[in-house]
Amino acid sequence: MTTTLITHAACLAHDTGSGHPERSDRLRAVLQALDHDTFRELDRREAPLASLDELVRVHDATYVDLILGNVPAHGHVMVDGDTVMSPGSGEAALRAAGAVCAAVDAVTTGAARNAFCAVRPPGHHAEPGRAMGFCLFNNVAVGAQHARARHGMRRVAVIDFDVHHGNGTQAAFESDRDLFYASTHQSPLYPGTGDRNERGVGDNILNVPLPPGAGSDAFRHAIERDIVPALDAFRPELVMISAGFDAHRADPLASLGLTEADFAFATTALCDVARRHAGGKVVSTLEGGYNLVALAASAAAHVKALMEG
Ligand SMILES: [Zn+2]
């Protein structure tokens, strides 16, 4: 069984302007790392456009209209204090969400065991009705709802090891006990949510905040002792990963102090959960990661673990 890699050149055309950390060179660095001989067996596919039907399973229709209507003919527009749109941003956002839906299709039809979506803009800060933190549409939440609506799945889990809390995914999941969201993140840090006492309905939200400088042992402990047992209790039919790599010790936006080996460790643990409950089905999508060298090495370690998982 294979690992599918889904991406699209349109995701490079989302231009956030000079000096913005969430820049197209991030995706170039990831794709260059995945060009290595180690990854020659990846099943490589182009991301389709997400449909409006897929987006409105998570987002308000008025919000989708607002975002797509905001795409400028030239230059940039701000849709949030740090979220920028350029002429290429509408297609990039639709491809990013579409990639996750296509990845869900690939693993549920048996075409692949697992999949990684190398896309931008990222998604986990986007709330049902609000763009935030470099994110326009919540790609992973759109994929989770696609798995339920299109493939008849009931219980879907998202595990988010980006260094920031995925407030958008939590907002999309917290009132539905058949969706599970677990996050490790640095606290205090943007966006300020993700307290341990935010537990959703029926304990379907699990936040494991970690202090600055927490390091590998604390992260691995959170995965092994907190998140894996909760996933085993939830028994997901599909495991999804918000794979942000900004918890790496070289990242300029945070200071959790992880290495690429820690991301591989978490990936392997989540593949094991998927094997126990979900026939091995894992869909992962890129979130943050802002040091290009660390991002490339971390994404490579993550995808290698998926291929071995
Ligand atoms: Zn992040």
Side-chain angles (χ1 to χ4, degrees), residues 11 14 16 19-27 29-30 79-84 92-93 96-97 100 116-127 130-141 158-173 181-195 198 205 207-215 218-219 222-223 227 240-260 262-263 266-267 270 284-299 301-302:
C11 292
H14 166 54
T16 50
H20 197 288
E22 203 294 282
R23 58 207 191 273
S24 54
D25 282 349
R26 296 180 58 245
L27 181 54
V30 169
V79 291
D80 158 72
D82 48 24
T83 310
V84 186
V100 183
F116 178 64
C117 302
V119 293
R120 57 185 287 279
H124 74 152
H125 294 305
E127 296 183 349
R130 180 159 71 137
M132 248 183 89
F134 317 159
C135 303
L136 297 173
F137 299 133
N138 195 310
N139 308 319
V140 78
V158 170
I159 300 85
D160 182 338
F161 56 64
D162 188 282
V163 80
H164 303 96
H165 179 241
N167 59 289
T169 314
Q170 177 169 304
F173 280 27
Y181 174 73
S183 173
T184 55
H185 48 272
Q186 182 177 317
S187 177
L189 192 67
Y190 181 91
T193 50
D195 230 59
E198 296 166 23
I205 304 291
N207 287 308
V208 189
L210 299 168
F219 174 74
I223 296 289
I227 291 176
M240 303 185 77
I241 304 176
S242 267
F245 301 106
D246 40 10
H248 194 283
R249 63 186 175 194
D251 198 275
L253 298 195
S255 52
L256 212 47
L258 305 190
T259 68
E260 45 269 41
D262 297 318
F263 299 122
T267 307
L270 297 175
S284 173
T285 189
L286 182 63
E287 301 284 0
Y290 303 98
N291 174 293
L292 297 186
V293 174
L295 170 63
S298 300
H302 173 61

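Numbering of ligands and ligand atoms starts at 1, following listing order.
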Are the side chains of Leu258 and Arg249 in touch, meaning some heavy atoms are under 4.5 Å apart?
no
Within 2.8 Å of the Zn ion (ligand 1), is there any N, O or S atom belonging to Glu287?
no
Taking both backbone and side-chain atoms into account, decide whether His124 has an N/O/S atom under 2.8 Å from the Zn ion (ligand 1).
no
Those residues at least two apart in sequence (or on a different chain) that pass side-chain hydrogen bond (donor to acceptor under 3.5 Å, both in side chains) with Ser242 are Glu287
[X]: its N/O/S atom lying closest to the Zn ion (ligand 1) (atom name):
X	value
His164	ND1
Asp162	OD1
Asp246	OD2

Among Asn167, Asp162, Val163, whose side-chain contact (heavy atoms from CB on, under 4.5 Å) with His165 holds?
Asn167
Scan residues 116-126 for pairs that pass salt bridge (Lys or Arg N to Asp or Glu O under 4.0 Å), counting only residues two or more places apart or in two chains.
Glu22-Arg120
Would you compute the distance between atom CD of Gln170 and atom NE2 of His124 and round it to the nearest 0.5 angstrom?
12.0 Å
